[in-house]
Amino acid sequence: METVVKNTASPKVALNTHHKPSAPAAVPPASFDDLLVGKRLRQARRVKGLRLKQLADAVGCSESLLSKIENDKARPSLQMLHNIVGHLGITIGSLFTERDPHEGVVMRAGERAIIRMDSQTTDGVRLECLIPEGGGKTIYGSIHIVEPGGGSAGPISHEGEEVGYVLEGTFELTVADRTYTLYPGDSFFFESHLPHSYRNPGTVTTKVLWINSPPTF
């Protein structure tokens, strides 16, 4: 594996730590901050006519764990959730709360739905959806919020292309066995069929604006 690391001696980029004092006002409502997706996964499984054990075997987890995920008593890693929705014929984007398209084109800060992933040692990964369900026919966008030590928990691959822009923190991206370290202001682009994974190797929260086209993620 080849590691490409940018020269950290270049001018430092502020990590936007000045926003912390105003953070309490921006905390999303509980219903958005911790979106429960188990019910939708269970409904999608039943529509596909799959038994719990069949889906568990297909995605490589125990029937007990899948049951907990469907009952919102456990959260899957990003890789596991991607495997589950792939076998169900849906996307992660389709799990987000529906929004009436007649409400307008603006989604206010603190009002966007968030899905929280599991991690055994940290808060892991949260996906903040920028496009409501049914709103993206050719594109999907989200903000990946990755806590220190958190990440995708393994490689992911699917159809399409993706582009990202690091907003805050340090971001380690691996695409086709090549690893890159990115900092605020850095961007990336790759074809989605290439196995890709990521993690936050730093000590502060990382935020990445991430766009997929078509919305196969």
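This one's a predicted model, so the numbers in the text were calculated from it and none came from an experiment.
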Please answer whether the main-chain N or O of D177 pairs with a side-chain N or O of T174 as donor and acceptor at a distance below 3.5 Å. no
When the ring centroid of F171 is compared with that of Y198, is the distance short of 6.0 Å? yes
Those residues at least two apart in sequence (or on a different chain) that pass side chain to side chain contact (heavy atoms under 4.5 Å, CB included) with V47 are none
Let me check something: any side-chain donor-acceptor pairs from residues 50-58 under 3.5 Å, sequence neighbours excluded? List them with distances.
| unit_1 | atom_1 | unit_2 | atom_2 | d |
| --- | --- | --- | --- | --- |
| K53 | NZ | D57 | OD2 | 2.8 |
| Q54 | OE1 | R51 | N | 2.8 |

Using a 3.5 Å distance criterion without hydrogens, assess whether the side chain of T170 forms a donor-acceptor pair with backbone atoms of P201. no
So, S197 side chain and P155 main chain: donor-acceptor pair closer than 3.5 Å or not? no
Is any side-chain N of the basic residue among R126 and E147 closer than 4.0 Å to the acidic one's carboxylate O? yes
Check the angle between the aromatic planes of F190 and H196 and answer parallel, tilted or perpendicular using the 30° and 60° thresholds. tilted
Are the side chains of L41 and V85 in contact, using a 4.5 Å heavy-atom criterion? yes
Check: R199 side chain, G150 main-chain N or O, donor-acceptor pair, under 3.5 Å: no
Mind checking the NZ-CZ spacing from K68 to R75? Nearest 0.5 Å is all I need. 14.0 Å
Can you list every ring pair (Phe, Tyr, Trp, His ring centres under 6.0 Å) pair that touches residues 59-83, not counting sequence neighbours? H82-H158, H82-F217
Which atom names give the shortest non-hydrogen contact between L65 and S62, and what distance separates them? N-OG, 3.0 Å
If we ignore hydrogens and angles and just use 3.5 Å, is the side chain of N200 paired with the main-chain N or O of G149 as donor and acceptor? no
Under a 4.5 Å cut-off applied to non-hydrogen side-chain atoms, are H144 and K207 in contact? no
So among R46, R45, K39, which one has a side-chain contact (heavy atoms from CB on, under 4.5 Å) with Q43? K39
Does any non-hydrogen side-chain atom of I114 lie less than 4.5 Å from one of L127? no
